[in-house]
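Per chain, numbering begins at 1; letters A, B, ... match sequence-line order. Because the structure is a prediction, the values reported are computed rather than measured.
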Amino acid sequence: MSAISDPEILANSALTGRSRLSQLSVSKLVIWALVLFLCVTPFALIIAVSFGEKIEGASWEWGFSLANYQRVFVGANWPEEVTFLYLQNLYYSLYYAVLAAILAVLSAFPFTYLMTGLSRRAQSAWLVFILSSLSLSEVFIVMGWDVLLSNRSGLPMVVKETGLTDWLKAVGWFDTLREWGLANPRNVKFKTSVFATVLTMSYLVWPYAVILLYPPLSRMDRSMVEAAQTMGAGPWTVMRTVILPAVRLPLFGATLLLFVFLLGVYVTVSVFAEPAKQTMAVSVYSAVRGATLNAPFGAAQAVILLITAGVFLVLGQWMSRRAAT
Amino acid sequence: MNGLSLKGIYKVFGSARAVENVHLDFAEGELTALLGPSGCGKTTLLRMIAGLETPTSGSLHLGSRDITALAAHKRRFGMVFQNFALFPHLNVRENVVYSLVISGTSKSDAIATGERLLDLVQLQGYGDRRVGQLSGGQRQRVAIARALAQEPEVFLLDEPMSALDAKLREDMQVELRLLQQRLGVTTIVVTHDQREAMTMADKIVVMSRGKVEQVGAPQDIYHRPENAFVADFIGKANFYDGVVEDGKLRVNGSLLETNSPANFINGSDVRIACRPEVPCLGRRDVAGSQLKATVTFVRDVGPARDIHLKTDIGPMVVEYARGEEQDDYHVGQDTIVTLPLDGLHVFPEPRQDAS
């Protein structure tokens, strides 16, 4: 009896073993497929669409045309006529993003450094507050700043009512502000300006800057600062020779990350940037959803923006690896 | 005279008194050890001397100069930190000459001084290494060289040996002491290790609970502890509680003779300490109190031998160095132990603290 049942049991267990193995590999396969689908498909689709062709008065069709890319770089009527309109948009994307990322990191750095010197309780209270501010959407923040910077009811009104405008005119700085595009003949104005765009963009990512800088700064060995002090270093020398070099890589990394993030900002730019100084993100959107309804052209711009971000990330990686060795 | 003196130093953190009414003088060129258990306020005291903490009250003077309010970076007392606090973004030489570079010393002078200092701490040829490539002992040497580069008037070390392994620690203690004597710099070392303090220091300051318990030369502190805490913390001791009775001590019914409790009135409670190397075993020719004893345990640790006894006054440990004349004691053996007249330290019963 037992002689018969033994091979049966063996066969059964072999079967369950095999089915368990296949179950495992199936679930693994499903997860991989899902990841692949979610991560790769949108990009692949956009890349594919960017080679498509627009049908006048209608939608677009699949194809393999480099016309959209040509239009991004030198304009639609090349070689008869060359225009760098879209490269200029790309330039402004980079310009705003660089300035705003640097401004955010530079202002978040001293704040975060002081924060890490507080008691544990105070630190966690600040962190919770900053994390919760991340729940504000871009639209909400832009609305707030829109009111704050608006000519009638915002800061310009305060400047005028407090007599600051008259004072600026009296000392002659008002003309300088006009040259910078931060004033009209009557009063200072922030909308629309590079200033307002960069300010709001850096405000947008400021909490991220704090959160990115917090771990390296709180990990930093405070006794290094004290050691420098006992060797004659005043506060500025300590900052310059000890703290900044110790966290230079995280500082650079945070700036890079925020910069790449800011390349895609849409609402802020469309509200605060001058019409002639719009970014590629805005023109992508207007191509896809706006008046022109040219999805392939929008996709081509999006691909260029993506490649730009990728190039900066790779360059940044390379530079920080070089600096670390 | 250009020594450092502390007058009535207090430091209060919230409701906790970290340092209480400390008066100390550090003579020029001397090495002083601040010794005590962790949390006794020794590091806080050192940090106040460095200028990294401000005393709640009291004053610090360097020579005739009041430096109480002087910031750390203006005092420029070289300090070696417990974790060495080397700058990882600088190489060894740059670490060592940091103080010179930020004070604007010319590059050639700084490099020359750097080489001389690396020579001094026996790290010739290590100048270009990264800090991360050094062993613990080498890091400590860099930290010492770095703190000495600015030729400080006072040299401070906060538990400098605690990050080193035991063998290296003993070597470095001797080396540091020799270096300090060669340079003649006023030095203050914080440590919780009494061997370390006794190896290196001209003077030991024993601290507990923010207060100074005793100040003196190492041998003084060992042989003439002023209170039970010091007797307990420095070296080993057998402790007994007793009562003074006509110039003698009554402990658990036995009467001990001593020549020390003259200044106690009859009936006062006392705490008695006896160093383990003091009692004599098995000899009747020594003047003192003789007690019957039974051997309960023998611990042979190589150079010395601890014999644990049961006596009428309580358990006692007697330590013999190798080579001293001795019988071969074994567990259960009955013998006689003699406590010499001058071998007992008698202290008033320590205050029963609420804490």
Among A/Arg248, A/Met231, A/Met224, which has the most heavy-atom pairs under 4.5 Å with chain B?
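Highest number of heavy-atom pairs under 4.5 Å: A/Met231.
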Engaged part of A/Arg240 at the chain B interface, taking heavy atoms whose separation is under 4.5 Å:
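Interface part for A/Arg240: neither.
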Relative to chain A, which segment of B/Phe77 carries a heavy atom at a distance below 4.5 Å: side chain, backbone, both, or neither?
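Just its backbone gets close to chain A.
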Contacting region of B/Leu156 [heavy-atom separation from chain A under 4.5 Å]:
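Contact with chain A is absent: no heavy atom of B/Leu156 under 4.5 Å.
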Parallel, tilted or perpendicular: which fits the ring planes of A/Tyr208 and A/Phe261, with parallel below 30° and perpendicular above 60°?
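Answer is tilted, since the angle falls between 30° and 60°.
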How are the rings of A/Tyr95 and A/Tyr92 set relative to one another: parallel (under 30°), tilted (30 to 60°) or perpendicular (over 60°)?
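Aromatic pair A/Tyr95/A/Tyr92 classed perpendicular.
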Taking the six-membered ring for Trp, are A/Trp180 and A/Phe195 ring centroids under 6.0 Å apart?
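Here the rings of A/Phe195 and A/Trp180 have centres that are no less than 6.0 Å from each other.
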Heavy atoms only, distances under 4.5 angstrom: which of B/Arg76, B/His73, B/Arg146 has the most pairs with chain A? Name it, please.
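Most heavy-atom pairs within the cutoff with chain A belong to B/His73.
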Reported CE-to-CZ distance for the pair A/Met220 and A/Arg222, which is rounded to 0.5 angstrom:
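Separation between the atoms: 5.5 Å.
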Got a salt bridge between B/Lys7 and B/Asp25, using NZ or NE/NH1/NH2 to carboxylate O under 4.0 Å?
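No.
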